[in-house]
Every structure is written in structure tokens, then in C-alpha cells.
Amino acid sequence: MKLNYFTYICLVLICMSCKNEPYEEIPSSQVGEFQNVLLDFTIPSNFPPLMYDIENNPPTETGFELGRRLFYEGRLASDNVVACGFCHIQEFAFTHHTHIVSHGVDGAIGSRNAQPLHNLAFKSEFTWDGAAGHLDLQPIIPITAEVEMNETFSNIIAKLQSHPDYPTLFQEAFENGEINAENILKALSQFMIMMVSSNSKYDKFRRNEGNITLTPNEMQGMELFQQKCTSCHAGELFTDGSYRNNGLAIDSQYNDIGRARVTGLTEDNYKFKVPNLRNIEVTFPYMHDGRFATLEDVLEHYRNGITDYDNLDNSLRQTNGVLGIPMTDEEKDRIIDFLKTLTDTDFIFDQRFSEF
Ligand code: HEC
Ligand code: HEC
């Protein structure tokens with residue numbers, strides 16, 4: 001995926017120049033159907049602190065609604081079809097179901113598996129290699145990438161300006177009412193930061209809600225997971241936010257070097273962001289290139305499939321030099337039982353985030 005660095009830098013500057021917009025000055029616009037009222041954003045009690053600077057772009061009813069429209073808007077792409085929601089499908093926690101790597105305009109094939117979208121307000125770096133350092137900047141990558149939406153902001157702005165609804169929607173959502181790159185990105189972020197997934201069985205158990213208990217198998221799986229996986233998939237978001245080499249064999253088709261594409265450091269070769277495991281049951285296929293179809297395949301990789309590298313993560317090298325995480329078949333099944341408790345159907349079927 002190619003990043004247009006000029007656009008990227010311009011947008012960094014735009015975003016920096018609007019950092020000081022005070023929270024209180026958000027107008028309570030009454031234009032049209034929606035009122036520009038602030039939406040309630042509550043941090044779930046078992047979650048880490050917020051990373052998104054929400055006071056600079058607080059989600060409002062109208063901003064969120066505009067963001068939702070834009071997320072499902074084909075006009076953001078050169079073929080007027082490939083919307084964000086084309087690759088990020090809600091029922092699969094906003095991943096591209098069945099697509100090993102994502103497909104963009106004219107069937108162009110990308111090299112990575114679409115990431116799930118949830119709890120983005122709690123992250124500070126985005127994509128598998130951390131190429132985007134702010135959520136407001138992340139959509140520039142898919143919008144401008146040839147293999148994704150292959151579009152320019154000036155074309156998008158022209159298309160939205162001549163649309164019957166968008167001029168009013170932007171008027172309602174933003175004080176200056178302008179259809180520009182900054183407001184497009186802010187609206188998308190308002191929509192995406194509201195996508196909090198925190199109502200899985202596991203969450204309810206953690207928060208002691210309504211007598212929810214884990215079954216003995218799930219409980220045993222949680223203990224095994226804590227012993228074997230939390231050196232990387234740590235905390236309530238199941239990632240420590242680091243980039244690691246988890247021993248996947250080099251993929252000769254793409255030879256994706258991961259984090260090193262961003263840092264230029266050979267020590268970062270083949271390191272990828274430790275992914276969040278929430279809703280993992282529905283986000284198959286797995287890994288940055290979608291190489292594993294099932295969770296069984298993923299667990300088998302950790303047990304028996306580790307490829308050695310100089311920078312292979314130490315937690316995948318046992319003291320006797322053997323590679324991998326030792327697990328019996330039964331232990332693998334228990335871990336999968338636990339991973340399935342992370343599925344949040346409230347989120348997956350939440351009407352607020354759906355296209356219609
Ligand atoms: C052609 C398919 C495709 C389209 C269209 C697309 N994405 Fe993505 N998205 C991906 C892929 C693939 C990744 C992983 C990219 C990478 O690691 O380089 C991703 C990653 C992301 C991430 C990072 C998630 C994280 O946890 O780090 C966000 C946010 C995101 N997309 C939002 C959007 C938005 C907003 C749009 C519309 C403007 C969009 N995407 C359009 C495929 C797509
Ligand atoms: C050394 C750190 C590390 C350890 C230990 C580890 N993982 Fe991972 N895990 C990663 C990284 C990094 C990725 C992403 C790799 C990639 O796509 O290139 C990943 C990917 C995954 C995925 C795929 C996620 C997706 O969205 O595609 C699953 C599922 C997973 N790990 C489960 C586990 C389980 C279960 C354990 C314990 C048995 C475990 N991991 C142990 C670092 C680790």
C-alpha cells in the first residue's frame with residue numbers, strides 16, 4: 001500500500017493547527033434533522049485510559065451521523081463503490097470476511113488482511129505496522145492507496161459538494177460547515193471512536209455484571225491464555241501495543257517486512273503489531289496476510305509452526321532451545337473456548353454502526 005507522503009504531511013499540519021479548538025465552543029446547531037449535541041462517550045470500567053484526544057474532536061450527533069454516511073459512501077473511492085464499509089463489514093467486527101487480503105477498486109488486490117475496527121479510541125498507532133500515528137490521519141492511507149480506494153481529496157470534495165445531502169450534513173456537523181479534508185477525517189473519526197466493543201461475556205464476567213460466569217472450560221482457557229499468551233496479548237485490549245516477530249514464515253508472494261517499512265530498521269523486519277483479540281471468533285482469516293483460516297490453525301502455529309529469526313520474540317523460544325509454545329490438544333481447545341468469550345454481539349449488531 002502506497003502512502004502519499006505529501007498529503008500525509010499536509011494533513012498532519014492541518015490537524016496540528018486545529019488542536020486548540022476549545023471543547024465548549026462546539027455550537028449547538030439546530031439546522032435540519034439532527035441537533036449538534038455531544039454524544040455520551042463512557043470509558044468501560046475495565047478499560048485502559050483513552051488515547052484519542054477527544055476534546056479536540058468530540059463526537060456529536062451530527063458529526064457521528066456524517067461520519068457514518070461517509071464510512072459507507074462509495075464516492076470516497078475512484079470507482080464510487082469501494083467504501084470503507086466494503087472492506088470493514090460490521091457483522092465480522094468490521095473486517096473483510098473471507099478475504100485473505102483486501103480487494104479495492106477494480107478488484108486491485110492489497111497485501112494485507114483488513115483489521116477489525118473497534119476500541120480505536122484506545123489506540124495511538126494504527127495499521128499492522130503502525131504507519132499512521134493518529135486516527136484522524138489513518139483514512140488517508142486507504143483513500144489514496146491505488147489498491148484500495150485510489151481517490152484524491154479534491155475529487156471527493158467535488159463529489160460531495162454536488163451531492164444533494166452532504167452540504168447540509170457538513171453545515172450541521174461543523175461550525176465552519178466546510179466540505180474539506182479536515183472535516184471529512186474528523187467526521188470519520190467521530191464515527192469510529194464511538195465503536196467501543198466492551199460487552200462480551202468476558203467483559204461482563206470481569207465487571208461482575210448480572211451473575212455472568214465463565215464455564216469451567218472457559219475458565220481453564222483463560223488461565224492457560226494468561227500463562228502462554230499475555231506476554232504479548234496483554235491487558236483488557238489483549239495487546240501491549242508493541243510490534244513483535246511471532247515466527248510466521250516469510251510469505252514469498254508479498255515479502256511484507258512489517259514494522260521495518262515504517263522505521264527502516266532491519267531489527268524491525270517481520271515485526272507486526274500485536275493485535276487486539278476481541279471478537280476474534282468472527283474476524284477470520286487471521287494474521288496480517290490472512291494466512292490462517294481458523295483459530296485451530298493459529299494455535300497450531302504457536303505450538304509447532306514457528307520459524308526462527310534473529311529477532312524472533314524470546315517468549316517463543318523455550319529455555320531448551322525448542323521453538324514454540326508447548327500446548328496439549330486439550331489446552332489448545334480450552335484457549336479457543338476462552339477466546340470465544342471475547343465475542344461481543346451487542347457491538348456486532350449495534351444499529352448505530354450499521355449502514356442503514
Ligand atoms: C480495500 C479495503 C479497505 C478499504 C476500502 C478501507 N480499509 Fe481500512 N484497512 C484495510 C486494511 C487491509 C487494513 C490494514 C492496513 C495495513 O496494515 O497496512 C486497514 C486498516 C484500517 C485501520 C487501522 C485499524 C487499527 O486497528 O490499526 C483503520 C482505522 C481503518 N482501516 C479505517 C478505514 C476507513 C475509515 C476507511 C474508509 C476511508 C477504510 N479503512 C477503507 C482495508 C481497507
Ligand atoms: C511474541 C508475542 C506473542 C505471543 C506470545 C502470542 N502472540 Fe498472538 N500475535 C502476535 C503478533 C505479533 C501477531 C500478529 C502477527 C502478524 O499478523 O504478522 C499475533 C496474532 C495472533 C492472532 C491473529 C489475530 C488477527 O487479528 O489476525 C491470534 C488469534 C493470536 N495471535 C492468538 C494468540 C494466542 C492464543 C497466543 C498464546 C497461545 C498468542 N497469540 C501468543 C504476538 C504474540
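In each ligand, atom 1 is the first atom listed, and ligand 1 is the first ligand listed. Model, not experiment: these values are computed from the prediction.
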Of all the non-hydrogen atoms in the protein, which one sits nearest to [atom], and at what distance?
{"atom": "atom 34 (C) of ligand 2", "answer": "C229 SG, 3.4 Å"}
{"atom": "atom 3 (C) of ligand 2", "answer": "C232 SG, 2.7 Å"}
{"atom": "atom 17 (O) of ligand 2", "answer": "H288 N, 2.6 Å"}

Closest by any non-hydrogen atom to [atom]: pick that one out of [options].
{"atom": "atom 9 (N) of ligand 2", "options": "F284, F272, Y302, F238", "answer": "Y302"}
{"atom": "atom 21 (C) of ligand 1", "options": "H99, Q138, H118", "answer": "Q138"}
{"atom": "atom 5 (C) of ligand 1", "options": "A83, G67, A77, P142", "answer": "A83"}

Going by distance only, is there an N or O of [X] that falls short of 3.5 Å from an N or O of ligand 1?
{"X": "R261", "value": "no"}
{"X": "D129", "value": "no"}
{"X": "N113", "value": "no"}
{"X": "H88", "value": "yes"}

Any idea which part of [X] is under 4.0 Å from ligand 1, heavy-atom wise: side chain, backbone, both or neither?
{"X": "K273", "value": "neither"}
{"X": "L70", "value": "neither"}
{"X": "H96", "value": "neither"}

Query raised in the report: Any N/O/S of C87 under 2.8 Å from atom 8 (Fe) of ligand 1?
Result: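 Within the cut-off used here (under 2.8 Å), C87 places no N, O or S atom near atom 8 (Fe) of ligand 1.
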
Report task. May I ask you to say whether K332 pairs ionically with E300, meaning some side-chain N is under 4.0 Å from a carboxylate O? Result ->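 Yes, this pair counts.
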
Report task. Please state whether W128 comes within less than 4.0 angstrom of ligand 2, counting heavy atoms only. Result ->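 The answer is yes: ligand 2 sits under 4.0 Å from a heavy atom of W128.
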
Going by distance only, is there an N or O of [X] that falls short of 3.5 Å from an N or O of ligand 2?
{"X": "L299", "value": "no"}
{"X": "H233", "value": "yes"}
{"X": "S315", "value": "no"}

Query raised in the report: Does the ring centre of F292 sit less than 6.0 Å away from the ring centre of F284?
Result: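 No, the ring centres sit 6.0 Å or more apart.
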
Query raised in the report: So which of I257, N245, D256, D289 actually passes side chain to side chain contact (heavy atoms under 4.5 Å, CB included) with F272?
Result: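 Only one option passes, and that is D256.
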
